[in-house]
Amino acid sequence: MSEEKLYAVKNDEGKWLCIEAKGCHYWSRDDGDFLDQHDADILAHVYGGHVVELIEKPNPEVVSKAEAKMLDKAKTASYPANYISMHAHPDPGANGTSYDELRLMRALVNGYTVAKEKKYNIKVPHTEGWHFQKYSRESKRGSHNDWKPFPAKDIDSNMSKELFLFTESEIEHYCLQDCEKEEVTDDGE
């Protein structure tokens, strides 16, 4: 956030002071003029109303998909703070609350975005020229039967590239932790 703060003048009816270049003023339901504190104090004194300090909207917290699901449930809970407290990852600080709990509380109040999971191309040893395609992202089995080899020459250009990208959790699920991995960026490289 910038150190320089902005102010506006608002009257008791909830209207904002607007000043035109000719020195005329009017009150508007829309936003008023942004001023420094000194000018806002003077205009509030001259035209009536009171000075309002404007603050920047805080950035949304970045949360995982699982945390976003938990926050969605917390929004509908009778006691959202208790819900978060019960479901936040346990890493208690000096006052008994966890860093995650405080971060998730901020996310509930200030808004949140879901972090995009990193994806990787996997190079499986002893399968030169082969790629591995997942049958289904929804598969619940924990075996290697969830994927099958495709020779590079047989890959159809119409196949979704997503079929060949693995997240960290999928790498663990398919027991590919020991394989060489290469992060794929948003631009496809």
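The salt bridge (charged side-chain N to carboxylate O under 4.0 Å, His left out) pairs that include a residue from residues 70-86 are D72-K75, where partners are two or more places apart or lie in different chains.
Minimum heavy-atom separation, A40 to V9: O-CG2, 3.5 Å. Across all non-hydrogen atoms, the minimal contact from L108 to P80 is CD2-CB, 3.7 Å. Looking at every heavy atom in both residues, S28 comes nearest to C18 through CB-SG, 3.8 Å. Minimum interatomic distance between V114 and A68 (heavy atoms only, all atoms of both residues): CG2-CB, 3.6 Å.
Listed by chain and number, the residues in a side chain to side chain contact (heavy atoms under 4.5 Å, CB included) with K15 are N11, E13, W27, R29 (sequence neighbours excluded). Contacts of M70 classified as side chain to side chain contact (heavy atoms under 4.5 Å, CB included), with partners at least two apart in sequence or in another chain: Y83, I84, H87, L104. Annotation: ring pair (Phe, Tyr, Trp, His ring centres under 6.0 Å) contacts of Y26 (sequence neighbours excluded): none. For I19, the side chain to side chain contact (heavy atoms under 4.5 Å, CB included) test picks out L17, H25, D33, L43, Y47, with sequence neighbours left out.
Checking K119, K118, K181 one by one against E168, the side-chain hydrogen bond (donor to acceptor under 3.5 Å, both in side chains) holds for a single residue, K181.
Here Y79 is tied to no hydrophobic group at all, with no ILVMFWY side chain closer than 4.5 Å.
To the nearest 0.5 Å, atom OG of residue S85 and atom CE of residue M105 are 6.0 Å apart. With values rounded to the nearest 0.5 angstrom, D41 atom CG is found 8.5 Å from Y7 atom OH.
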Problem set entry | Residues E53, K5; criterion salt bridge (Lys or Arg N to Asp or Glu O under 4.0 Å); working and verdict | CA-CA 7 Å; E53 181 180 342; K5 295 182 180 177; 3.3 Å; yes

For this session: Might you work through the salt bridge (Lys or Arg N to Asp or Glu O under 4.0 Å) test for E61 and R103, ending with a clear yes or no?
Result: CA-CA 7 Å; E61 292 288 328; R103 182 178 58 80; 5.1 Å; no

For this session: Would you check, one step at a time, whether the test side-chain contact (heavy atoms from CB on, under 4.5 Å) holds for V63 with T113?
Result: CA-CA 6 Å; V63 299; T113 59; over 6 Å; no

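Between E67 and Y112, the side chains place no donor N or O within less than 3.5 Å of an acceptor N or O (distance only, hydrogens not considered).
H50 places a side-chain N or O within donor-acceptor distance of the main-chain N or O of K10, the cut-off being under 3.5 Å.
The hydrophobic clustering, which links ILVMFWY residues whose side-chain heavy atoms are closer than 4.5 Å, places V52 and F34 together. Both I42 and L35 are members of a single hydrophobic cluster when ILVMFWY side chains are connected at heavy-atom separations under 4.5 Å.
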